[in-house]
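Since the structure comes first, as structure tokens, the remarks are kept for the end.
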Amino acid sequence: MATTLARLSRKALKSNTLPSSQSLFLLQRPHATTTTAAAPAASSTITPADRVKWDYRGQRQIIPLGQWLPKIAVDAYVAPNVVLAGQVTVGDGSSVWSGSVLRGDLNKITIGFCSNIQERCVLHAAWASPTGLPAETSIERYVTIGAYSLLRSCTIEPECIIGQRSILMEGSLVETQSIVEAGSVVPPGRRIPTGELWAGNPARFVRTLTHEEILEIPKLAVAINDLSKSHFSEFLPYSTVYLEVEKLKKSFGIPI
């Protein structure tokens, strides 16, 4: 009898002891059964490590359109946040400064030798010009385009200055060694003759340029070209973001 009582008491003590580690885990996480049941459905949406696709979408500096790819000379300076799209050619020694947009989707845009497009200019071209003149936007050598200017299907001959916030409309022509003052609007088809200063909205003849003023036009373009070289030395032609991507891949154990 005593032996039977001892056996029963031992069974009672075992039943009153702390639960096993598995029972403790279930007590601490009452929804564990639900989680484990939903686990297979969640795992089906996880992409395998060898199928991870990296998304590099964002603003690009050079945008090809169809068969047209922008062309940039080796020694030309194009700021990192400039957008070149389509039929755009940036010539030797020229520079395109921060925030400018050159959109050659309908026709060509050409920047000649040692010319400069300053900050936040917009250059584009139409399918055709109503005046019968070439619809492409052509900027020849030693031309300075002031900041915030808008040029559309116009032609600017060598050694000219276009002042800040100027607008040149379709078919307008600025002949060599001329100056358009800041804030001027050149209407469609308007021709600015050689060696003259024009200003206003619409632009009108002001006076003839002096010989000294004409000599200063190419000097200004050369000075801006020299300035762009100091910016070019700090310019990274290739992004370093790939280094961060490689670090991230290594942390996840993804083969590079």
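Sequential numbering from 1 along the given sequence is applied to the chain's residues.
By the 4.5 Å heavy-atom criterion applied to side chains, Gln118 and Ile224 are counted as neighbours. Counting only heavy atoms from C-beta outward, the side chains of Val101 and Val82 never approach each other to under 4.5 Å. Taking the side chain as every heavy atom from C-beta outward, Cys114 and Val222 approach each other to under 4.5 Å. Put simply, the side chain of Leu69 does not reach to within 4.5 Å of the side chain of Ile63, judged on heavy atoms.
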| query | So Ile162 and Leu168, side-chain contact (heavy atoms from CB on, under 4.5 Å) or not? Walk me through it. | reply | CA-CA 9 Å; Ile162 308 299; Leu168 277 67; 3.8 Å; yes
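For Glu213, the side-chain contact (heavy atoms from CB on, under 4.5 Å) criterion is met by Arg207, Leu209, Thr210, not counting sequence neighbours. Listed by chain and number, the residues in a side-chain contact (heavy atoms from CB on, under 4.5 Å) with Glu175 are Glu157, Leu173, Arg191, Pro193, Thr194 (sequence neighbours excluded). With sequence neighbours left out, Glu244 forms a salt bridge (Lys or Arg N to Asp or Glu O under 4.0 Å) with Lys247. For Arg190, the salt bridge (Lys or Arg N to Asp or Glu O under 4.0 Å) test picks out no residue, with sequence neighbours left out. For Glu216, the salt bridge (Lys or Arg N to Asp or Glu O under 4.0 Å) test picks out Lys219, with sequence neighbours left out. Residues meeting the side-chain contact (heavy atoms from CB on, under 4.5 Å) test with Leu215, sequence neighbours left out: His211.
Of the possible polar contacts, one joining the Asn81 side chain to the Gly99 backbone as a donor-acceptor pair under 3.5 Å is found.
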Under 3.5 Å, which donor-acceptor pairs do the side chains of residues 91-98 form with other protein atoms, sequence neighbours left out?
from, atom 1, to, atom 2, distance (Å)
Ser94, OG, Gly91, N, 3.3
Ser94, OG, Gly91, O, 2.5
Ser95, OG, Trp97, NE1, 2.9

For a quick test of your reading: what N or O donor-acceptor pairs under 3.5 Å do the side chains of residues 136-148 make, sequence neighbours left out?
from, atom 1, to, atom 2, distance (Å)
Thr137, OG1, His124, O, 2.9
Thr137, OG1, Ser153, N, 3.0
Thr144, OG1, Asn116, ND2, 3.1

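Screening residues 164-196 for ring-ring contact (aromatic ring centres under 6.0 Å, His included), with sequence neighbours left out, gives no hits. For the salt bridge (Lys or Arg N to Asp or Glu O under 4.0 Å) condition, no pair includes a residue of residues 73-83, sequence neighbours left out. The ring-ring contact (aromatic ring centres under 6.0 Å, His included) pairs that include a residue from residues 153-185 number zero, where partners must be two or more places apart or lie in different chains.
When all heavy atoms of Glu181 and Ser166 are compared, the closest pair comes out as O-OG, 3.2 Å. The two residues Ala125 and Asn107 make their nearest non-hydrogen contact at CB-CB, 3.5 Å.
Between the OH atom of Tyr77 and the CD1 atom of Ile117 there is a distance of 14.0 Å, given to the nearest 0.5 Å.
Val206 is connected to Ile161 through a chain of hydrophobic side-chain contacts under 4.5 Å among Ile, Leu, Val, Met, Phe, Trp and Tyr, so both are in one cluster.
Applying the under-4.5 Å side-chain rule to Ile, Leu, Val, Met, Phe, Trp and Tyr, the cluster around Ile167 extends to Val122, Leu150, Met169, Val185.
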